[in-house]
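Because only heavy atoms are used, hydrogens play no part in the values below, and waters and symmetry mates are left out as well, while side chains stay in.
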Amino acid sequence: MQLSDGNISSAPTPPAQTTVAPTRSRRIRIAPADFVATVSFLALAVFVLGRQWKHLGDGYLVRSGQDQTMWEWFFAVTAHSLANLESPGKILSSTLQNYPLGVNLMANTAMFGVSIPLAPVTLLFGPTVTFTLALTLGLAGTATAWYWVLSRYVVQSRFAAAVGGVVCGFAPAMISHTNGHPNFVALFLLPFIALLVIRLGSGERLIRNGVMLGLAVAYQIFLGEEPLLIYAIAFTIFGIAYGASHPGKAVAAVRRGFKGLCVAGAVTLAIVAIPLWWQFLGPQSYHSIEHGPVGNDVNAFTRFPTQSLAGGPGSAAGLSMNATEENAFFGWPLLLLAAMTAVWLWRLPMARAAAATAVVMGVLSMGVELTVAHTETGITLPWSWFAKLPLLESVLESRFAMGCIPAIAILLALGTDRAIAAGRTGQRSTTLLWLGWLAVALLPLAPAPLDVAKRAPAPAFFADGTWRSYVSDGSVVTVPLPRPEDAKALQWQVGQRFGYPIAGGYFVGPAGPEDKGKYGPDDRPTALLLGKTQSTGQAPVIDDTTRATALEDLRFWNADVVVLPPGKNQQALLTTVNRLLGVDGRWVDGVWAWDVRNLT
């Protein structure tokens, strides 16, 4: 691919070059290969999520932790707000969990780019369908988007473009995040954002392309801000590395595109200014969230991911934050093939740029200190220069490895295109050798269907609507309160169409005097006491001060009823709540309940 005066253009070149500079056409042409590729990507996405599709009524992705519950709640509460024609402020925030303070949905991963357009699906079929659909279309859409861009602007062979597309859409990190992070799966706008930026460098149709870029960036913000930030850094590295081959032309392209970038910025700002203000300065906003050091171990890059043909339950042991964060597990055959391809095609500016991007993003993902085989080497890495910068301070640095995905995909697409072209000129051995290496590199990473478990049904107290006899205009306080470790109470609330608010919850909100971000609510003393009781199984000593504090907390939550559902160390919790409230709970439809309306 050649960048001529900042303009992407394409014209067939001799097979020996395997360099493609596709011409732009105003007509969208869909070849049979495009249809086959798109259907194949969709079929693979359905295969990955097949078990969840088969059990939409009670299926739950095993490795999602509590994330599936959180996402389904976000999708459901947005649909609920739209159905009730609530004001924009009530769409961007909700007091239905963490009552009475509420949750700043814009400051969480509410993913309005999915929850709003799919609200009819949520209302008709439930949030589990929306969640599963978002993941399925996210995988297939991301692969298709990259296939489209690669087939039109990078390579001549549709098969080569499909190789790049399947890597971008179904890379190990993508499958890992499919367990519970649709915002890191629905990345289909990112290749088009990069393409529009390059088009602006041509100087043609600056207003039109600028508006399109602004709309795309604004919509991506409502799909996922963190992926946009990570990939923007990756695209910037790629652009700098590519422009280094022709610095004069690169500078000229930037100058020509400046006006269009300003237009794009204005369009984006017009759409997202108020939501972003709400996110950073609105109610229940927070300054930053600290995750601690979560850089990738060097060994993680060579391992196979858990959810793959060559992987298994122990593949990522000790090398990833959790099952949804296997960001660097490319496997040694793929890394070796990518390195060999970079050497083979080094004279191509695009190959050099892709290789540089993969290396830089990989190094950034290792965090502040180089770690090899669980051993800290004491070697300081570049991330230490950026870790405290605004926005970057809240990013999980291990996720920067996802910026390697399109770079590796470009290398494989270029290599496949070159090998196929060689075969057409009689060098079939080159083609066969390449296809063999490609199979060795990609087949071990082939994704396996995600495991699904049957979620426990809601207690009859909630499922049958018994709660209505206990709730007037206050909240439901479950014992212990819903939190990131156990958020089942959010499922029960969704099942009752948000008929009551709940104290506590699973979200990110402010905590402490500095309003630092925290997963879950800023815990009150009684919430901490009940959580500790469940954890230890020991009923604490309750004195008058503890009782007074409990009543104060119940008044803060405007509690109407306290509910103890079946669970771990239930007897210790029952004893504790009885002593706190001074009255014994009543066994009602599968739960212990305390009507506290007269107490608060």
Side-chain angles (χ1 to χ4, degrees), residues 167-168 171-174 176-177 184 187 190 194 226-245 290-305 316 318-321 325-343 345-346 349-412 441 445:
V167 170
C168 288
M174 295 289 288
S176 175
H177 283 285
F184 270 92
L187 308 181
L190 296 176
E226 190 174 346
L228 177 60
L229 176 62
I230 291 171
Y231 278 82
I233 293 172
F235 292 154
T236 299
I237 295 168
F238 183 91
I240 293 172
Y242 191 94
S245 300
E290 296 181 0
H291 301 92
V294 288
N296 288 315
D297 190 305
V298 172
N299 281 19
F301 288 88
T302 63
R303 295 285 186 90
F304 296 111
L319 294 173
S320 65
M321 184 178 179
E325 295 291 345
E326 295 180 14
N327 298 306
F329 292 72
F330 293 101
W332 66 264
L334 178 58
L335 293 182
L336 181 59
L337 179 60
M340 291 168 56
T341 305
V343 173
L345 303 179
W346 188 253
M350 178 165 286
R352 294 198 298 271
T357 303
V359 170
V360 173
M361 294 302 290
V363 171
L364 287 177
S365 78
M366 295 177 191
V368 298
E369 183 179 351
L370 183 67
T371 302
V372 181
H374 309 288
T375 302
E376 296 179 352
T377 64
I379 299 174
T380 302
L381 296 175
W383 177 245
S384 60
W385 308 336
F386 310 108
K388 297 300 182 181
L389 293 178
L391 299 182
L392 292 178
E393 63 185 354
S394 298
V395 175
L396 289 172
E397 56 264 38
S398 70
R399 291 176 175 174
F400 280 104
M402 295 189 72
C404 303
I405 294 173
I408 292 175
I410 288 172
L411 285 171
L412 296 190
L445 300 176

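Of all the heavy atoms in N296 and A401, the pair that sits closest is ND2-CB, 3.7 Å. Of all heavy-atom pairs between P293 and E397, the closest is CA-OE2, 3.8 Å. Across D297 and H374, no two heavy atoms sit closer than the pair OD2-N, 2.6 Å. Heavy-atom minimum distance, F184 versus R399: CE1-NH1, 3.3 Å. Across all non-hydrogen atoms, the minimal contact from L411 to A354 is CG-CB, 3.9 Å. Summarising the geometry of I405 relative to C168, their closest heavy-atom pair is CG2-CA, 3.7 Å, with the distance given to 0.1 Å.
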List, one per line, each side-chain donor-acceptor pair under 3.5 Å for residues 376-391, sequence neighbours excluded.
unit_1: T377; atom_1: OG1; unit_2: L370; atom_2: O; d: 2.8
unit_1: T377; atom_1: OG1; unit_2: I379; atom_2: N; d: 3.3
unit_1: S384; atom_1: OG; unit_2: L381; atom_2: O; d: 2.7

Counting only pairs under 3.5 Å, give me each side-chain donor-acceptor contact of residues 327-339, with atom names and distances, residues two or more places apart or in other chains.
unit_1: N327; atom_1: OD1; unit_2: H177; atom_2: NE2; d: 2.7
unit_1: N327; atom_1: ND2; unit_2: E325; atom_2: O; d: 3.3
unit_1: N327; atom_1: ND2; unit_2: E325; atom_2: OE1; d: 3.0
unit_1: N327; atom_1: ND2; unit_2: S398; atom_2: OG; d: 3.0

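Within the model, atoms CE of M321 and OG of S176 stand 11.5 Å from one another, a figure rounded to the nearest 0.5 Å. With rounding to the nearest 0.5 Å, the separation of CG in L392 from CD in E226 is 10.0 Å. Here CD1 of I233 is found 4.0 Å from CZ of F400. Values are rounded to the nearest 0.5 Å.
Annotation: side chain of M366 is in contact with side chain of F301 (closest heavy-atom distance under 4.5 Å). Contact annotation: the side chain of I230 approaches that of M361 to within less than 4.5 Å [non-hydrogen atoms, C-beta and beyond].
No donor-acceptor pair closer than 3.5 Å links the side chain of S320 to the backbone N or O of E326.
The one candidate from I240, I237, T236 that meets the side-chain contact (heavy atoms from CB on, under 4.5 Å) condition with V360 is I237.
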